[in-house]
Amino acid sequence: MNTAIGVTGLRKKFGDHVVLDGVDLHVPAGTIFSLLGPNGAGKTTAVQILSTLITADSGQVTVAGHDVAADPDGVRAAIGVTGQFSAVDKLLTGEENLRLMGELYRLPKQEITRRASTLLERFDLVAAGGKLASTYSGGMLRRLDLAMTLVGEPRVIFLDEPTTGLDPRSRRGMWEVIKDLVAGGVTVFLTTQYLEEADQLADRIAVLDHGRIVAEGTAAELKRRIPGGHVRLRFTNVRELDTAARILANATADQDSLTLTVPGDGSRRALKDLLDRLDDAAIEVDALTVHTPDLDDVFFALTGHTTIDQEATLS
């Protein structure tokens, strides 16, 4: 699979404060990659370097096949950036905002018209296209902001807190938009303060803490690293419950609910081994549920923070 973003040994400090300390990242093309981290971890600094807004002290970074240090113009031509704070001009209409972006890209007038029309339709803003952006709801503003990012038809998009301040319904609407972008071949690099968002969207997640990557993997892989996972088995009678409890010595039985709780990471191999042991003893399970730690548990275990705080502009 082609690499959309490659980072090796990335380092950056401000004065004596080391913000990024040897970061390595690999983001395959056509995927969603989420970078998580507490306040001050270095997320925003990483995005600023990847999008050519600031330079690194050392390390090698390529985006869409272009070296960030040697060919920043090539990177800028291939990317789009949607920041936490909207770039929409509220004194213009939705269509005028899109046309303005086309002019900044120096596109031909006919092409500007075509792209503005296409994007208004794609983001369900046709009816609002002629209205001032100041009249838009929060969800509409975020959709317009992302539409403006797409005027240049970027291959890689950096989304920095794209759903901050949105209500749950608008947030889920944005999730669908982001999924559609990736289905069309775009690569998305996402930072978010909503762990559920990373869980729902990201193909891979990296956790950044004190300038270093402390964990990386799929959401499921990260959850399996944290203690607390278990399988809950329910039986139809006390006899089978007691028999299973003797076979699975590390399990905890609850006779009132006829359930047995077995510690485990929820992996396919562990689950198969558990069921094979019960099958060998001719014990029938009435119901089975797998419980794994969520990303909040992972985040706390890795960083010591219970939530992701909003990061300072240059941290």
Side-chain angles (χ1 to χ4, degrees), residues 1 28 30-36 163 166-180 182-183 188 190 192-207 214-308:
M1 186 177 292
T31 65
I32 301 176
F33 186 93
S34 183
L35 183 65
L36 305 180
T163 62
L166 296 186
D167 60 79
R169 181 178 179 181
S170 296
R171 183 174 300 126
R172 283 171 172 74
M174 280 295 294
W175 292 356
E176 293 306 314
V177 169
I178 293 169
K179 290 176 182 178
D180 287 344
V182 176
V188 171
L190 170 73
T192 178
Q193 61 179 310
Y194 300 111
L195 297 176
E196 181 191 7
E197 188 161 87
D199 201 353
Q200 290 288 329
L201 292 177
D203 296 292
R204 292 189 68 79
I205 298 169
V207 181
V214 295
E216 183 178 348
T218 65
E221 288 169 346
L222 293 178
K223 292 172 188 176
R224 285 199 295 267
R225 294 180 53 169
I226 307 303
H230 61 271
V231 177
R232 183 165 295 153
L233 307 169
R234 190 177 72 216
F235 301 89
T236 56
N237 57 68
V238 174
R239 181 183 59 80
E240 289 195 332
L241 171 66
D242 291 342
T243 304
R246 287 194 297 271
I247 294 173
L248 306 171
N250 61 338
T252 302
D254 184 337
Q255 291 196 351
D256 291 335
S257 62
L258 295 177
T259 59
L260 196 65
T261 300
V262 186
D265 61 9
S267 65
R268 183 185 304 175
R269 178 177 297 178
L271 191 58
K272 182 178 183 302
D273 178 65
L274 172 63
L275 294 177
D276 285 345
R277 293 173 67 186
L278 294 174
D279 284 342
D280 290 343
I283 299 173
E284 185 173 347
V285 178
D286 182 51
L288 178 151
T289 55
V290 178
H291 300 262
T292 58
D294 59 22
L295 280 185
D296 293 274
D297 299 319
V298 173
F299 192 75
F300 178 75
L302 293 173
T303 70
H305 293 260
T306 55
T307 59
I308 297 180

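Every value quoted in this text rests on a predicted model; they were computed, and no experiment measured them.
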Are Glu221 and Arg224 ion-paired here, with the side-chain N under 4.0 Å from a carboxylate O?
no
Can you see which heavy atom on Ile205 is nearest to which on Ala198, and at what distance?
CD1-O, 3.9 Å
Distance in Å, Leu190 CG paired with Asp203 CG, rounded so as to fall on 0.5 Å steps
11.0 Å
So which pairs with a foot in residues 238-278 pass ring-ring contact (aromatic ring centres under 6.0 Å, His included), sequence neighbours left out?
none
Looking at residues at least two apart in the chain, or sitting in another chain, which of them share a side-chain contact (heavy atoms from CB on, under 4.5 Å) with Glu284?
Glu240
Qualifying residues under salt bridge (charged side-chain N to carboxylate O under 4.0 Å, His left out), relative to Asp297, sequence neighbours excluded
none
What pairs of residues pass the ring-ring contact (aromatic ring centres under 6.0 Å, His included) test when at least one of them lies in residues 249-294, not counting sequence neighbours?
His230-His291
Please name all residues satisfying salt bridge (charged side-chain N to carboxylate O under 4.0 Å, His left out) with Arg225, sequence neighbours left out, ordered by chain then number.
none
Grab the two heavy atoms, one from Glu197 and one from Arg171, that are nearest each other, plus how far apart they are.
OE2-CG, 3.7 Å
What distance separates Trp175 CH2 from Thr163 OG1, expressed to the nearest 0.5 Å?
7.5 Å
Rounded to the nearest 0.5 Å, the CG atom of Leu222 sits from the CG atom of Asp294 at a distance of 12.0 Å
Residues 269-283 side chain polar contacts: donor-acceptor under 3.5 Å, at least two apart:
residue: Lys272; atom: NZ; partner: Asp276; partner atom: OD2; Å: 2.9
residue: Arg277; atom: NH2; partner: Ile247; partner atom: O; Å: 2.8

For Ala287, side-chain contact (heavy atoms from CB on, under 4.5 Å) partners two or more places apart
Arg234
Got a sec, which residues hit side chain to side chain donor-acceptor pair (under 3.5 Å) with Glu196, two or more places apart in sequence or on another chain?
Arg172
Taking side-chain contact (heavy atoms from CB on, under 4.5 Å) as the test, write out the residues that go with Leu241, two or more places apart.
Phe235, Ala253, Gln255, Leu258, Leu260
With sequence neighbours left out, write down each residue that passes side-chain contact (heavy atoms from CB on, under 4.5 Å) with Asp180, or none if nothing qualifies.
none
As an exercise, state the distance from CG of Asp296 to CD1 of Ile226, rounded to the nearest 0.5 Å.
12.0 Å
ring-ring contact (aromatic ring centres under 6.0 Å, His included): which pairs involve residues 242-280, sequence neighbours left out?
none
Is there a side-chain contact (heavy atoms from CB on, under 4.5 Å) between Ser34 and Thr192? Walk through the geometry before answering.
CA-CA 8 Å; Ser34 183; Thr192 178; 4.0 Å; yes
Going by ring pair (Phe, Tyr, Trp, His ring centres under 6.0 Å), name the residues that satisfy it together with Phe33, two or more places apart in sequence or in a different chain.
Phe189
Are any of the side-chain heavy atoms of Leu36 and Thr303 separated by less than 4.5 Å?
no
